[in-house]
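A short write-up of the structure that comes next.
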There are 2 protein chains.
Amino acid sequence: MDQDIIKKIPHKTIERLSQYRRALLICLSQGKTHIFSHEVAEIQHITAVQVRRDLMLIGYSGNLRRGYNIKDLIALIGTIIDSQDGQRVAVFGMGNFGRAISAYFEGRRERLSIVAGFDVNPQKIGTSIAGVPVYHIDRACEIISKEKIKIGIITVPGNQAVETAKIMVDCGIKGILNYSPSPVKVPEDVFLEEYDMITSLEKVAFYVKEH
Amino acid sequence: MDQDIIKKIPHKTIERLSQYRRALLICLSQGKTHIFSHEVAEIQHITAVQVRRDLMLIGYSGNLRRGYNIKDLIALIGTIIDSQDGQRVAVFGMGNFGRAISAYFEGRRERLSIVAGFDVNPQKIGTSIAGVPVYHIDRACEIISKEKIKIGIITVPGNQAVETAKIMVDCGIKGILNYSPSPVKVPEDVFLEEYDMITSLEKVAFYVKEH
DNA sequence: TTTGTCCTGTGAATTGAATAACAAAAACTA
DNA sequence: TAGTTTTTGTTATTCAATTCACAGGACAAA
């Protein structure tokens with residue numbers, strides 16, 4: 001697929017493609033071969049138009065009478081969001097969250113695997129949590145370069161997030177997923193996604209309060 | 001504050017207010033009394049205009065020369081996003097994620113507290129995880145009504161999410177935060193927020209791949 | 001005073017994403 | 001064969017959120 005086209009896919013569409021793929025894999029395992037836009041929409045609780053528009057953006061054409069070929073579509077989504085030779089991820093902060101995330105991803109995605117965890121707690125260094133070896137943060141650059149890690153997840157306490165992000169950037173990490181409550185700043189060439197659970201829970205609480 | 005005005009505050013502004021408040025509390029603890037929009041903006045890594053506009057929407061006026069009074073602003077944000085008598089939350093699924101979330105919130109927010117956890121694992125029932133008592137999911141309605149719980153967090157495996165959400169809605173939960181990889185559907189009067197970690201990580205991986 | 005600087009507050013323009021509306025193709029139905 | 005139904009693909013519209021642009025107040029210095 002052409003680079004210029006990929007660059008123009010909206011962020012939200014990328015997110016939905018990831019979700020379509022997982023839904024499609026389930027359908028495929030149930031023996032389905034084709035699926036209509038309104039069926040995908042129903043699984044994801046969105047509209048059929050949105051599904052068709054997303055697929056239009058990635059240049060996939062369905063069959064007017066049978067809908068979309070599930071296998072082909074999964075493959076096409078793969079060529080867009082997966083990286084050719086797989087991507088390697090490190091978790092910074094192996095506390096409760098770090099452990100939960102490591103366990104969650106263990107053996108789930110072949111092209112996206114968590115291969116290292118970093119912490120400062122001497123009791124954790126050298127151990128393996130959910131199949132992920134834990135190193136001292138001082139060895140970050142060494143391990144990141146050796147393991148060819150490009151993506152890092154921040155699960156350290158808020159007051160250490162900024163410092164941790166700096167280390168990550170200095171060691172050559174190119175994508176950061178920040179789950180700490182403190183926003184961090186990164187250079188333009190590093191992709192940053194932040195998600196704050198406290199904010200989300202307060203938001204839900206707000207809308208519940210407002211009926 | 002007037003109900004009609006509150007209803008019109010954009011979702012994104014509500015999220016930022018939650019974040020401003022936490023940043024302001026830190027500033028206050030450092031002895032600051034006033035703050036400029038561009039200072040808040042710098043902490044949050046957004047623009048000063050955005051900060052001013054958000055504060056405009058909640059009807060707060062700053063001082064032209066000294067900026068915003070931190071204490072007043074914290075109080076005002078509280079009247080908007082906090083509930084008068086506090087809100088009570090339950091976690092559905094006390095696996096790694098449920099535990100991490102319970103530990104994360106333990107004693108952190110007085111007006112927003114996790115008071116129950118639900119699971120099906122007999123080994124967990126009756127125990128207390130991070131200060132949260134764990135009950136069998138079959139007792140959900142009983143506990144939810146007794147504890148006056150209005151908000152639920154879904155951290156069960158994807159294949160159980162839909163069923164869990166149904167139980168939550170039937171028991172009178174009015175706000176759901178779904179952290180499972182499966183989207184769920186709820187009636188119109190229930191507020192739903194979904195966040196999928198796999199999607200986020202795949203999104204970061206995509207944009208890293210595209211430089 | 002007057003001038004200059006540094007803020008806030010806000011209408012207008014822009015961007016980004018979701019929704020509506022509909023043409024056209026394919027396959028039935030009568 | 002002509003009409004009906006179903007579904008895709010796409011253009012146009014609407015809606016939400018952000019950014020631009022600037023008026024106007026407060027103070028400091030000259």
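Residue numbering restarts at 1 for every chain, and letters A, B, ... go by the order of the sequence lines.
Qualifying side chain to side chain contact (heavy atoms under 4.5 Å, CB included) partners for V204(A), counting only residues two or more places apart in sequence or in other chains: V208(A), I151(B), L177(B), F191(B), E193(B). For R66(B), there are no side chain to side chain donor-acceptor pair (under 3.5 Å) partners two or more places apart in sequence or in a different chain. Taking E39(B) as the reference, K32(B), I35(B), F36(B) meet the side chain to side chain contact (heavy atoms under 4.5 Å, CB included) condition, with sequence neighbours excluded. Remark: Y68(B) engages no residue in a side chain to side chain donor-acceptor pair (under 3.5 Å) (not counting sequence neighbours). Residues satisfying the side chain to side chain contact (heavy atoms under 4.5 Å, CB included) criterion with A75(B), sequence neighbours excluded, are absent altogether. With sequence neighbours excluded, the residues satisfying side chain to side chain contact (heavy atoms under 4.5 Å, CB included) with D138(B) are H136(B).
Each of R21(A), K12(A), R16(A) was checked for a salt bridge (Lys or Arg N to Asp or Glu O under 4.0 Å) with D54(A), and the lone residue meeting it is R16(A).
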Give me the distances for all protein-to-nucleotides 28-30 of chain D N/O pairs that come in under 3.5 Å?
none

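In this structure, E15(B) atom CD and dA16(D) atom C1' are separated by 13 Å, rounded to whole Å. Counting to the nearest Å, the C1' atom of dT6(D) and the NE2 atom of H34(A) are 16 Å from each other. Rounding to whole angstrom units, NE2 of residue H38(A) and P of dT6(D) are separated by 10 Å. The CG-P distance, from N69(A) to dT7(D), rounds to 17 Å in whole Å. One atom, NE2 of H11(B), and another, P of dT18(D), lie 12 Å apart when rounded to the nearest Å.
Applying the disulfide bond (SG atoms under 2.5 Å apart) test to pairs two or more places apart or on separate chains, those with a residue in residues 157-211 of chain A are C141(A)-C171(A). For the disulfide bond (SG atoms under 2.5 Å apart) condition, no pair includes a residue of residues 13-66 of chain B, sequence neighbours left out.
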Given protein heavy atoms under 4.0 Å, the one-letter contact record of nucleotides 9-14 of chain D, with B base, S sugar-phosphate only and - none, is simply BBBB--
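For Q50(A) and I35(B), each mapped to the nucleotide of DNA chain C holding its nearest heavy atom, the one lying further toward the 5' end belongs to I35(B).
One distance of note links CD1 of I144(B) with OH of Y135(B); it measures 11.5 Å at 0.5 Å rounding.
You can see that DNA chain C meets the heavy atoms of chain A within a 4.0 Å-exclusive cut from dA17(C) to dA27(C), reading 5' to 3'.
Salt-bridge formation is not detected for the pair D85(B)/K148(B): no Lys NZ or Arg NE/NH1/NH2 atom is positioned less than 4.0 Å from an Asp or Glu carboxylate oxygen.
The two atoms that bring I9(B) and Y207(A) nearest to each other are O-OH, 3.7 Å, heavy atoms only.
Relative orientation of the Y179(B) and Y195(A) rings is perpendicular, given thresholds of 30° and 60° on the angle between their planes.
Residue T13(A) is classed as having no contact, given no heavy-atom separation below 4.0 Å to the nucleic acid.
For the segment residues 189-199 of chain B, the set of residues with a heavy atom within less than 4.0 Å of an atom of DNA chain D is empty.
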